[in-house]
There are 2 protein chains.
Amino acid sequence: MKQKITLKHIARELEVSISTVSKALKNSEEISRDTKEKVQAFAKLYNYKPNNIAISLKNKRTKNIGVIIPDIVHHFFTTVFRGIEKYADSHGYNVIVCVSDESFDKEVINMEMLANGSIDGFIMALSAETQLKNDFNHLKEVTEQGIPLVLFDRITDEIECDKVVIDDKEAAYQAVTKLINNGRKRIALITTESYLNVSEKRAEGYFEALKDNGLAIDESLVLRLPYQYEDEQKSGKFFESKEIDAVLCVNEIFAIRCMRHAIKKGLKIPEDISFIGFTDGILSKFANPRLTSVAQHGERMGEIAAQMLIEKVESEEENETYRTEILKSTLIERESTIN
Amino acid sequence: MKQKITLKHIARELEVSISTVSKALKNSEEISRDTKEKVQAFAKLYNYKPNNIAISLKNKRTKNIGVIIPDIVHHFFTTVFRGIEKYADSHGYNVIVCVSDESFDKEVINMEMLANGSIDGFIMALSAETQLKNDFNHLKEVTEQGIPLVLFDRITDEIECDKVVIDDKEAAYQAVTKLINNGRKRIALITTESYLNVSEKRAEGYFEALKDNGLAIDESLVLRLPYQYEDEQKSGKFFESKEIDAVLCVNEIFAIRCMRHAIKKGLKIPEDISFIGFTDGILSKFANPRLTSVAQHGERMGEIAAQMLIEKVESEEENETYRTEILKSTLIERESTIN
DNA sequence: TTGTACGCGTTATCAT
DNA sequence: ATGATAACGCGTACAA
């Protein structure tokens, strides 16, 4: 096992001082051609690479980004993560991922862990529990320490920092308007229990579109399911008992499940009933029928978040201005709606 | 902005030496009750937390694990990653993820980057290009430096290290046997171009099962598609032209696509034609009909990989014995096969 | 009981 | 042209 070589080793071997070696490797003008060549040759031979940790300690810069997300086995977050990783990688940053698992405590612990020097800044989406508790002290602490923070998707107004979201309300509004223009009258909304701000925004858009188009709001057409919804009972009954001709679902899985219920009931998609989902992931593309879906452009979102963060990290002055980037979403039309 | 506080700050403020502070915070017997209380109170007040980087430098241990995977937007890898993250987190380790994007160069660069002190060990699945080139010098370098390495799923025999795989060959063998027992005679294999060792293993199992059950091997029933297969042409023609009563696909997406072709051709699933896929992900569960699939237990795989790695990282002696853990897969039967 | 000195690996500043 | 020294933040063996 050949040990990692350090400046000290080279210095000792070549009988020069450590600082000479350091300078020689940086091609400093101060050092003679001879020495430089000797040192550089030796370094190459033994494949010298400076130790990142030592450099981090010296520079007080780790070139690491901390990413905290509720769940990694979730198409949208995964997509965002890919955008972050890509941008970070191409700018010389590494990414440390922690999964909060929708738990407040884990989120806090992970943040504290990373905040002690391991990273230069955070990118995160809040856990469901955090949004429910409405407790953001851990975020406040971090920003007060001057650690840059970028929130995406699951954000809060309580914290001042850069943010990236999609226009959830607008997207839902457009989707519902589309359904109405296709002649749909009884449009259901399948959403999550209400503490997730994204679901809230989508519901707002749904209601507003109905109102603006002169359709009555019928609360009995709104079904709220637990976030991790496994049981088929509740949604099954809903479809059996209601007369519906279109459905907006706040995620793909709800949509796929509901399409099944509709088919089982003997309805034809999209003739008798149309479906639109959120998160244009793999399920939408491969569902049968293929699902019309609101694409959230997660990868782009990740890139923007990473860019915002790295900008803040690398800016010298303490920049106290924050912006919220709102990404436009796109409705991808497929077989589950009439064109 | 309140700056992160260090031992030095506390020492200066309390007019004691740095080492006194350090010891006091560790509740050392050497320090008087008085001083300890004073220091600890002050530390708590200002929320002192030791700097991870400094500790890493001192201990030559980062408590970071480097994970390099070909793709993160891929259900199987994501699942494995979750297992790694979970185990790592519960053992006080952080995870740095790099995505090789199936590129040899990126894999090499990322490894070199992390190998210079940023991590205590690697967990990785080889990129397609690396397997194609058959060049593993970057892995060799790392292991020679004494950095522990665990390979999973996409592995190679060229490198001595711990490994975790599933019994791909056996799984395919079982799946095909199952189809045969259900009375299927003309069983197709849809696989990737041949340099991925997992696909190879699955193909072996397929052939062996046919042979052991006295069925002729018909190479024209084997379709090899590019790994990132987008175009529908080739597989479409295949289904139009062949008489097939069952299909084994090496991944979910191939299976879903092929089911569409079959349905389009007017075949009934599973009556006329059965389907079995690999990677029991979200698509299998929600496909219509639901897809019978080989579950690879990615999360368990990740846990085991992390456990193997951390064991090696934390073991004092240079342990030169490596093991290869072979995980049993499970066939999850759903609507696409007869029970 | 407290403090000094050193080392982890690197770089920057200031001598020589 | 080269080297000594200090500093990043921490921990610890040793000295006082």
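Heavy atoms only: backbone and side chains are in, while hydrogens, waters and symmetry mates are out. Labels below follow one simple rule: chain letters A, B, ... track the order of the sequence lines, proteins then strands, and each chain is numbered from 1.
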Whole-Å distance between [N] [atom2] and [X] [atom1]?
{"X": "B/Arg12", "N": "C/dG3", "atom1": "CZ", "atom2": "P", "result": "15 Å"}
{"X": "B/Lys36", "N": "C/dT2", "atom1": "NZ", "atom2": "C1'", "result": "13 Å"}
{"X": "B/Glu15", "N": "C/dT2", "atom1": "CD", "atom2": "C1'", "result": "14 Å"}

Counting any heavy atom closer than 4.0 Å, what does A/Ser56 reach on the DNA or RNA strands: base, sugar-phosphate only, or nothing?
nothing
Please encode protein proximity along nucleotides 9-16 of chain C as a string of B, S and -, counting only heavy-atom distances under 4.0 Å.
BBBBBB--
Report yes if the distance between the aromatic ring centroids of A/His138 and A/Phe104 is under 6.0 Å, otherwise no.
yes
Ring centroids only, cut at 6.0 angstrom: are B/Phe42 and B/Tyr46 within range, meaning strictly under it?
yes
Lys/Arg N to Asp/Glu carboxylate O, [X] vs [Y], below 4.0 Å:
{"X": "A/Glu85", "Y": "A/Arg82", "answer": "no"}
{"X": "A/Glu13", "Y": "A/Lys38", "answer": "no"}
{"X": "A/Arg61", "Y": "A/Glu314", "answer": "no"}
{"X": "B/Asp120", "Y": "B/Lys63", "answer": "no"}

Heavy-atom side-chain proximity of A/Arg12 to A/Lys8 below 4.5 angstrom
yes
For DNA chain D, which nucleotides open and close the run of contacts to chain B, 5' to 3', at under 4.0 angstrom from a non-hydrogen atom?
D/dC8 to D/dC14
Can A/Leu126 and A/Leu139 be said to form a side chain to side chain contact (heavy atoms under 4.5 Å, CB included), step by step?
CA-CA 10 Å; A/Leu126 299 171; A/Leu139 303 190; 3.7 Å; yes
Rounded to the nearest 0.5 Å, how far does CG of A/Asn94 lie from CG of A/Asp89?
7.5 Å
Trace of the side chain to side chain donor-acceptor pair (under 3.5 Å) decision for B/Asn116 with A/Lys4:
CA-CA 8 Å; B/Asn116 299 314; A/Lys4 262 275 155 187; 2.8 Å; yes
Give me the bend of the helix from C/dT1-D/dA16 to C/dT16-D/dA1, using the axes of the five pairs at each end, rounded to 10°.
70°
